[in-house]
Amino acid sequence: MQLPGLVEDMMGDGFSISRRAGRRSGRHLVGGVRFFFVLLLLTGSVMAVDTAPLDDAARLARAGAPQLALSVLDRSQPNAADDFDAWSTWQRERAVILRRQNAWEELAAELEVVPDAAPPTYGIWAATERVKALLHAADAVAARQELAALIWQRRAGAEELRQWRQLVIRSYVVEGRSGDAYTAMLRHRQDYGDGGTEDAVLRARVLLGAGRPGDAAAELTSVGNSSAQALLALARLRDGAGPEGIAAEAKKQLEDDGGEEEAQWYWRGVAIEAAAANDDFAGLIQGLEPLIAEESDGNALRGLVRVSSDRLWNAYLDYARQVGNREQLLMGDDAAWQRLAATESRKYPIRARSIYALLSVEARSEAGRAKAGERFAENLIALPSGDKLLHALYRQSDRYGTTEAIPATIRRILADRAVDGSDLAEAAKLMKGLKPPPTDKGRVMWELRRAKIFLLGGEFQRGEAVLTEMVGRARGLETVLLDRLVQVIFDLQTLDRHDTAYDLLQTLYAKTTHPRLQRELLYWMADSRKAQGNLRVAARLYLQSAILPGAESMDPWAQTARYEAAKALSESGLFADAEVIYHQLLKATESSQRRAVLGRELEQLRLRNSPSQVSD
């Protein structure tokens, strides 16, 4: 078990032990909010509205906390009936944040309800943005139903009607109905003419999807924006142009981070198709992996470039065979293939995981296939969003159409990832009918997985029973497995099952003679007693953890444990003991920040212990 990292909180006490960390990304409001409200106030259009929460939400989203930003908007948004203009400004910022998160289903739901106080212009905006969100979520049928209602209401102007009919064409593209998209495109052109750049790009998309690259190129020859140029490159490629030059052009465009988002999607598609046309399987894999793993908006490529788990599987297998032919390896000589993959893993990771993918399906022995599958999964998980990529390859491909068809080794790994993501339904599906692995380590992990599923599913007694049995026979358990066991006991603490957690930790403490493990277990036992309000017992356990190597120990772990002990002593009313420990810590640390923290703690301790704090 690894010693938990001692993390200094630069804004806090500086003596905290951290178990978990995470972050998410967001987007900020694009300028002018305060000016907008000042202008309205000067013209007497609205009552004074405090826009500080709106600005705070924008900054929080920009800082990477979009969920927190949305909660700020929830608390501060004005009532639509009182001030619709202010309400709609909050609502538009909410839409900005949700778009940035690719939370299309949530955005569609948010825009579905239009307040009674809303003017027609807002209703048209909300309905149009809702349709776009549905298309981003690949719900083309629902989007087209919404569009039909909008078009037949006949309440919008000519420009809105033209845009909605454009979106009808996009809905067919998203659904893969190239024939219907082509027919709708011809009607749109008949009614509105050639239109501008946006119309030309959409027509080219439809023509490419319909297998007419020459006609698509003709639409784009006089259009100069990047999206049009990307589609023109794709049309030229499909019309017989050499893939090498087009691949180089795509690479150059993708290195320009300042390009338009839609154009970048198109260029990524061009790179994929150029690699495929040139039998550049490594390039094809490099293009497909992030698109499948990201789960971001790929509608720009839908109906245009095939991005699927099965295509990626085929690319892995083709690349591995290409490498094997070059290295003159024979199918069936699994050991030689394994050695090559292990040798290539650092310098050529795509090559290595392609070989592992091939061996996972074609190795001669079941054990060889299982071992290669495990290596393949480990390689994938190490990638950004690798969990999603692994899930897509085995759960969203025709190669493994049912859960039972997935190899047992992979099912266990997928179940672990599902449990970690609290997706209990998925974990249960993956584990159904699966037998425990034959190895001791495999069986331990199997039981831990079961325990966690029970706990997260609310079946506390069943989960605790599994853990109690495991702890009862935990003597001699290797450190890494003991660490995983303790991590599940932490779940009990999170669920406020502190008595059981304490008993399990105490049993483990009695079974080990390893001083470092004993220190950790004492600390986590103290955490449970502290959470239960038993502060004096918690203080004793924290101190035992601190002084286990020796009464004078002042290593980083000891300092952290002593600090927690002092806080517990202070809160339990044992001020003199707490003051002694704070002074010991002051002598032991040279950090100015920590000394300042300890000084504040001592000052607060004196205030709490002063005669003025004694009630009459």
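Values reported hereafter were calculated over all heavy atoms of this structure, with side chains retained and with hydrogens, waters and symmetry mates removed.
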Under 3.5 Å, side chain of [X] to main-chain N/O of [Y], donor-acceptor pair present?
X      : Y      : result
Ser397 : Ser309 : no
Arg351 : Glu344 : no
Glu160 : Gly157 : yes

Considering only distance and modelled atom types, tabulate donor-acceptor pairs under 3.5 Å from the side chains of residues 230-248, sequence neighbours left out.
unit_1: Arg238; atom_1: NH1; unit_2: Leu304; atom_2: O; d: 3.3
unit_1: Arg238; atom_1: NH2; unit_2: Glu273; atom_2: OE1; d: 3.4
unit_1: Arg238; atom_1: NH2; unit_2: Leu304; atom_2: O; d: 2.6

Could you tell me whether [X] atom [atom1] has more than 12 heavy atoms of other residues or ligands within 6.0 Å of it?
X      : atom1 : value
Asp398 : CG    : no
Glu404 : CD    : yes
Gln229 : CD    : yes
Arg189 : CZ    : yes
Glu105 : CD    : no
Arg346 : CZ    : no

Straight-line distance of [X] [atom1] to [Y] [atom2], nearest 0.5 Å:
X      : Y      : atom1 : atom2 : value
Arg187 : Tyr182 : CZ    : OH    : 12.5 Å
Leu186 : Asp191 : CG    : CG    : 11.0 Å
Glu112 : Glu146 : CD    : CD    : 6.5 Å
Trp164 : Ile151 : CH2   : CD1   : 7.5 Å
Gln163 : Arg170 : CD    : CZ    : 9.5 Å
Arg306 : Leu301 : CZ    : CG    : 13.5 Å

Specify the closest pair of heavy atoms between [X] and [Y], including all atoms of both residues, with the distance to one decimal.
X      : Y      : answer
Ala275 : Gly283 : CB-C, 3.8 Å
Gly123 : Val114 : CA-CG1, 4.3 Å
Ala204 : Ala216 : O-CB, 3.8 Å
Arg353 : Phe376 : O-CD1, 3.3 Å
Ala69  : Ala57  : CB-O, 3.2 Å
Leu220 : Ala228 : CD1-O, 3.6 Å

All N/O donor-acceptor pairs, side-chain side in residues 354-363, below 3.5 Å, sequence neighbours left out:
unit_1: Ser354; atom_1: OG; unit_2: Ile350; atom_2: O; d: 2.8
unit_1: Ser360; atom_1: OG; unit_2: Ala357; atom_2: O; d: 2.6
unit_1: Glu362; atom_1: OE2; unit_2: Arg321; atom_2: NH2; d: 2.6

Heavy-atom check, side chain of [X] versus side chain of [Y], under 4.5 Å:
X      : Y      : value
Val305 : Leu291 : no
Tyr348 : Leu340 : no
Arg130 : Leu150 : no
His136 : Arg99  : no
Arg399 : Leu317 : yes
Ser226 : Tyr266 : no
Trp90  : Glu93  : no
Leu202 : Met185 : no

Worksheet item: Parallel, tilted or perpendicular: which fits the ring planes of Phe84 and Tyr122, with parallel below 30° and perpendicular above 60°?
Response: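 Because their plane-to-plane angle is over 60°, the rings of Phe84 and Tyr122 count as perpendicular.
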Discussion item. Evaluate Glu106 against Gln101 for side-chain contact (heavy atoms from CB on, under 4.5 Å), listing each step before the verdict.
Written reply: CA-CA 10 Å; Glu106 187 177 349; Gln101 289 182 274; 5.5 Å; no
Worksheet item: Do Leu135 and Trp104 pass the side-chain contact (heavy atoms from CB on, under 4.5 Å) test, and can you show the C-alpha distance, the side-chain angles, and the key distance before you say yes or no?
Response: CA-CA 9 Å; Leu135 289 176; Trp104 303 115; over 6 Å; no
Discussion item. Can you tell whether the side chains of Glu129 and Lys132 come within less than 4.0 Å, N to carboxylate O?
Written reply: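 Result for this pair is yes, salt bridge flagged.
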Worksheet entry | salt_bridge(Glu159, Arg162) N-O dist < 4.0 Å |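 Result for this pair is yes, salt bridge flagged.
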Could you list the donor-acceptor pairs under 3.5 angstrom formed by side chains in residues 410-417, with sequence neighbours left out?
unit_1: Arg411; atom_1: NE; unit_2: Leu430; atom_2: O; d: 2.9
unit_1: Arg411; atom_1: NH2; unit_2: Leu430; atom_2: O; d: 2.8
unit_1: Arg411; atom_1: NH2; unit_2: Lys432; atom_2: O; d: 2.7
unit_1: Arg412; atom_1: NH2; unit_2: Lys435; atom_2: O; d: 2.9
unit_1: Asp416; atom_1: OD1; unit_2: Arg449; atom_2: NE; d: 2.5
unit_1: Asp416; atom_1: OD1; unit_2: Arg449; atom_2: NH2; d: 3.3
unit_1: Asp416; atom_1: OD2; unit_2: Arg449; atom_2: NH2; d: 3.1
unit_1: Arg417; atom_1: NE; unit_2: Asp387; atom_2: OD1; d: 3.0
unit_1: Arg417; atom_1: NE; unit_2: Asp387; atom_2: OD2; d: 3.4
unit_1: Arg417; atom_1: NH2; unit_2: Asp387; atom_2: OD1; d: 3.2
unit_1: Arg417; atom_1: NH2; unit_2: Asp387; atom_2: OD2; d: 3.4

Discussion item. As a quick check of understanding, evaluate side-chain contact (heavy atoms from CB on, under 4.5 Å) for Tyr316 and Glu289, giving each step before the final call.
Written reply: CA-CA 11 Å; Tyr316 285 135; Glu289 282 181 340; 2.5 Å; yes
Fill in: Arg94/Gln77 under side-chain hydrogen bond (donor to acceptor under 3.5 Å, both in side chains): CA gap, chis, key distance, verdict
CA-CA 10 Å; Arg94 191 189 307 277; Gln77 187 170 16; 2.5 Å; yes
Practice prompt. Decide yes or no on side-chain contact (heavy atoms from CB on, under 4.5 Å) for Leu393 and Ile292, but give the supporting numbers first.
Written response: CA-CA 9 Å; Leu393 284 167; Ile292 293 171; 5.7 Å; no
